[in-house]
Amino acid sequence: MNRPERKGASLISEVNRTNVPYGTLAIWFLGQESVIVKGDGITVYIDPYVSDYLDKDGPARSYPAPIVPEDIVGADLCLITHEHEDHMDAGTLPIFHEQNGGAPIMAPACCKEPLLRMGVKESQILVADNSRQTELLSKLEITVLPAAHEQLEQDGDGFHRSVGYVLKLNGVTLYHAGDTVIYPGLVEQLEKIKPDVAMLPINGRDFFRRERGIVGNMNYREAAELAVRIGAETAIPLHYDVFARNAEKPGNFVDYMYEHFPEQKIHVMARGERFVYVSGQAFLDRD
Ligand SMILES: O=c1ccn([C@@H]2O[C@@H]3COP(=O)(O)O[C@H]3[C@H]2O)c(=O)[nH]1
């Protein structure tokens, strides 16, 4: 039998046809911080940047996204971490909304106006509020954590402008950090959550990128140390591949982890890959 192509409509067909047993989550990697997470029949897109919106006037993509916005069907929810175009993509979200009208889009409050301008209906926009947990679709619990890209920034109403998300779904806890450095208090919050899967940026930051207006994130060493410190069962690096001038080698993350923490599980995702995370509790007989 031919292997299905991990691209385009065929990739989305795989997402929509994948059944995910309890204690597992299926994760697809679309580049940068764009991922699809599926569990218990719920399909969540996080920061889908699958257009070439920035190619003309901003940084060009290093490679075409595995899918185009028109491919996205069957989504139940979209989570946006912050307003930068490679996370809240004006080339993707209007089409996402048109084709998946029932799927709410959760985003920081400062993203609401830009989302409305993209044509997203107000009734479908949820504000990412770190002061409370949100239950969605009766199966998914979402906790919002502030993110510091590179600073913690709040709008006039006290809502954070950048966030990360903790998803509890199908017996698995997944943390998607968004774009963030490690700020005082982040480690302690995550130590309590102890995510099964931690998806962390690794591209770092430096003087010359900042001089060019490129704000940064934790680097691969910090991401590795963070994953270990918070007791993440598996760590997955993100944010290293789409822009040549803001890239990192995931191999540096792997080397650092293997050298210092050889018992820490990690997984580097191939483009368009379906990775099925299996929690330590899955498939075991009950005690
Ligand atoms: O070559 C580049 C690479 C990136 N950038 C910007 O810097 C931002 C860094 O954080 P982000 O990933 O949320 O968004 C990025 C872009 O907006 C850029 O202007 N030129």
Side-chain angles (χ1 to χ4, degrees), residues 29-36 45-66 69 78-94 96 105-115 117-118 128 130 144-155 159-165 175-183 186 198-223 226 236-250 252-253 268-269 271:
F29 179 57
L30 306 175
Q32 193 80 331
E33 286 197 351
S34 303
V35 295
I36 307 170
Y45 284 69
I46 306 178
D47 281 357
Y49 174 51
V50 295
S51 76
D52 53 6
Y53 183 78
L54 283 169
D55 280 25
K56 205 159 137 261
D57 298 317
R61 306 186 65 104
S62 307
Y63 65 95
C78 179
L79 301 175
I80 299 295
T81 63
H82 65 292
E83 62 199 328
H84 287 159
E85 290 96 334
D86 51 321
H87 298 261
M88 184 178 72
D89 174 17
T92 298
L93 292 172
F96 175 97
I105 299 178
M106 180 179 277
C110 63
C111 298
K112 189 170 176 182
E113 282 304 317
L115 285 170
R117 282 199 296 277
M118 289 179 205
N130 63 296
V144 175
L145 294 187
H149 188 24
E150 299 174 19
Q151 312 289 333
L152 280 174
E153 282 182 70
Q154 285 158 275
D155 65 20
F159 289 110
H160 282 273
R161 298 186 70 92
S162 296
V163 301
Y165 293 99
Y175 170 54
H176 184 295
D179 274 9
T180 192
V181 298
I182 301 175
Y183 58 85
L186 180 64
M199 306 190 85
L200 305 170
I202 62 160
N203 60 310
R205 62 207 172 277
D206 57 58
F207 176 86
F208 293 103
R209 277 185 279 179
R210 205 171 304 126
E211 199 181 50
R212 286 187 222 116
I214 304 176
V215 286
N217 294 317
M218 65 184 87
N219 62 32
Y220 66 84
R221 290 169 177 243
E222 292 169 310
L226 179 65
I236 298 177
L238 294 178
H239 211 305
Y240 51 78
D241 62 342
V242 165
F243 300 135
R245 297 188 91 173
N246 199 15
E248 179 55 275
K249 291 186 170 67
N252 286 336
F253 175 77
V268 176
M269 295 199 65
R271 295 172 190 170

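Both ligands and their constituent atoms are indexed starting at 1 by order of listing. Index from 1, following the sequence.
The environment of Arg210 atom CZ is dense: over 12 non-hydrogen atoms of other residues, nucleotides or ligands sit within 6.0 angstrom. More than 12 heavy atoms of other residues, nucleotides or ligands lie within 6.0 Å of OH in Tyr63, so this atom counts as buried by the packing criterion. Arg221 CZ: 12 or fewer foreign heavy atoms inside a 6.0 Å radius.
Contacts of Glu85 classified as salt bridge (Lys or Arg N to Asp or Glu O under 4.0 Å), with partners at least two apart in sequence or in another chain: none. Evaluation of the salt bridge (Lys or Arg N to Asp or Glu O under 4.0 Å) rule for Arg271 yields no partner, not counting sequence neighbours. By the salt bridge (Lys or Arg N to Asp or Glu O under 4.0 Å) test, Asp57 is found to be paired with no residue, residues two or more places apart in sequence or in another chain being considered.
Residues of the protein with a heavy atom under 4.0 Å from ligand 1 are Gln32, Pro59, His82, His84, Asp86, His87, His149, Asp179, Ile214, Val215, His239, Phe243, Arg245, Asn246, listed by chain and number.
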